[in-house]
Amino acid sequence: MFEKNEIVGELLMKFNAPRGTNDILPPESSKWQYIEKVTHDLFNNYNYQEIRTPIFEYTELFQRGIGEVTDIVEKEMYTFEDKGGRSITLRPEGTASVIRSFLENKIYGQAQPSKYYYIGPMFRYERPQSGRFRQFHQLGVEAVASNDPALDAEIISLGIRLLEKLGLKDLDVHLNSVGCKSCRPKYVEKLKIYLNNHKDELCDNCKERIERNPLRVLDCKNESCQSVIKNAPKITEHLCKECEVHFSKVQNYLDILQIDYLVNPLLVRGLDYYTNTAFEIKDNALGAQDTVFGGGRYNGLAEEIGNRDIPGIGFALGIERLLLSLEAQDIEIPVKASVDLYITVIGDRAKKEAFKLLDILRKAGFKTEIDYLGRSVGSQMKSADRMNAQYTIILGENELKSSTATIRNMESGNEKEIKLNNLVEEMKMLVDREVK
Ligand code: ATP
Ligand code: MG
């Protein structure tokens with residue numbers, strides 16, 4: 001979209017980014033890089049490997065893998081026909097693609113479990129607000145082909161440890177089991193009866209969902225629905241023996257890892273393929289959109305999209321929400337905005353020498369900058385100041401003649417002459433390479 005601004009006799013077009021999308025500008029982008037780096041390191045430490053699936057998939061994958069009666073499939077997908085007449089959808093989440101890829105590439109023939117993670121943009125047509133966008137970013141993990149409850153605890157702890165590494169505190173872990181194919185239907189019947197008795201108090205959307213997918217009602221954020229939901233029958237009281245054992249083992253393993261949690265029997269995930277463990281990690285400081293990450297077991301998904309009975313568990317974390325949470329908790333991400341060195345040039349001949357020096361210093365690992373606007377020496381020094389340069393290296397005719405450079409410590413103002421031959425070695429001793 002663009003706005004038209006009429007100015008005297010001229011048509012000025014002003015383009016805006018689409019609603020619900022964001023530019024991630026520097027220095028903000030450094031925070032993203034930092035989070036991504038911590039993620040790569042930590043996930044690698046847990047032996048999860050990165051998987052990169054396409055940004056778009058055939059629409060049917062999400063219809064089948066997420067479920068027809070979900071907010072995502074009903075109203076939030078960016079779906080279009082490509083020039084070959086195929087229905088394509090920008091991915092609204094990552095799990096369906098990972099399982100599609102696992103099946104398509106016959107990974108199940110290899111040693112299991114397979115442990116993956118991804119980081120990237122997701123697309124949902126939602127009402128943009130704080131912590132809710134149309135293009136947003138998730139980092140997520142999926143552990144496929146094991147039903148071990150210890151893996152459920154590993155997945156939850158992995159997310160928690162990541163947030164801890166970034167400095168976040170006081171997060172609430174909500175934990176539930178949503179049962180399985182054999183115990184859930186009985187619970188769903190009970191829930192239906194209860195919801196029908198309170199139909200008048202539910203929003204229109206939920207009224208309609210009682211028949212089609214009553215579990216979804218528990219996920220509704222509408223206030224009057226919430227007060228009905230509070231007293232609804234609890235799935236934890238209807239689990240079969242197997243699901244009960246699984247749930248209590250997950251809790252035992254979390255206890256071993258000393259991770260506190262709250263059993264929340266009304267927690268259901270927004271997607272249909274979940275079985276057993278469901279969890280959400282919330283930061284109270286965030287307000288309405290307080291879930292930083294959520295996930296659960298999806299033992300029914302591979303069956304749904306590939307006719308194979310392969311269990312899996314994972315979580316997805318919203319990076320924008322993570323950043324909001326860091327902000328709310330006053331946590332500064334250590335990003336280096338400053339440069340190590342700034343080369344100040346006096347005269348044309350010195351510029352050539354300086355340009356060569358720039359390359360040498362950068363190769364030696366110094367973050368180095370030079371003037372590209374033909375500025376005066378004074379303005380170059382101001383520029384160096386703005387970039388928080390630790391040292392400026394001043395090169396002019398005089399220095400060239402003696403094959404030296406004047407270096408200036410920008411904090412103390414002290415200057416010193418150094419032979420160009422020794423410059424790299426000297427700077428290695430002087431420059432403090434810690435993140436500033
Ligand atoms: P919510 O209940 O907040 O809509 P959800 O159940 O739709 O979340 P998931 O599909 O499980 O969320 O996605 C996992 C995480 O991705 C969420 O916990 C949240 O941090 C983030 N997320 C989901 N939708 C958005 C969005 N539109 N904008 C920003 N972050 C999002
Ligand atoms: Mg949602």
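Order of listing sets the numbers, starting from 1, for every ligand and every atom in it.
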**OP:** Verify the neighbour count for atom CD of Gln258: are there more than 12 heavy atoms of other residues, nucleotides or ligands below 6.0 Å?
**Re:** no
**OP:** Identify whether NZ of Lys or CZ of Arg in Arg134 sits under 6.0 Å from the centre of the six-membered ring of Phe123 and within 45° of that ring's axis.
**Re:** no
Subject >> Six-ring centre of Tyr391, Arg408 cation under 6.0 angstrom, axis tolerance 45° >> reply: no
Taking only heavy atoms of [X] into account, list the atoms of ligand 1 that are under 4.0 Å away from them.
X	answer
Gly318	15 (C), 16 (O), 20 (O), 21 (C)
Glu126	24 (N), 25 (C), 26 (C), 27 (N)
Thr291	18 (O), 19 (C), 20 (O)

Is ligand 1 under 4.0 Å from a heavy atom in the side chain of [X], in the backbone, in both, or in neither?
X	result
Glu320	neither
Arg134	neither
Lys221	side chain
Val292	backbone

Subject >> Plane angle bin for Phe293 and Phe315 - parallel if under 30°, tilted between 30 and 60°, otherwise perpendicular >> reply: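 Ring orientation, 0 to 90° scale: tilted.
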Original post:
With a 4.0 Å cut-off on heavy atoms, does Arg132 reach ligand 1?
Top reply: yes
**OP:** Indicate whether the side chain of Asp170 and that of Asn284 have a donor and an acceptor atom separated by less than 3.5 Å.
**Re:** no
**OP:** Could you list the residues that satisfy side-chain contact (heavy atoms from CB on, under 4.5 Å) with Asn252, not counting sequence neighbours?
**Re:** Asp255
Original post:
Among Arg86, Arg64, Arg100, whose salt bridge (Lys or Arg N to Asp or Glu O under 4.0 Å) with Glu57 holds?
Top reply: Arg100
Subject >> Options Arg124, Met122, Glu76, ranked by nearest heavy atom to atom 10 (O) of ligand 1, top entry >> reply: Arg124
Original post:
Can an N or O of Phe133 be found at a distance shorter than 3.5 Å from an N or O of ligand 1?
Top reply: yes
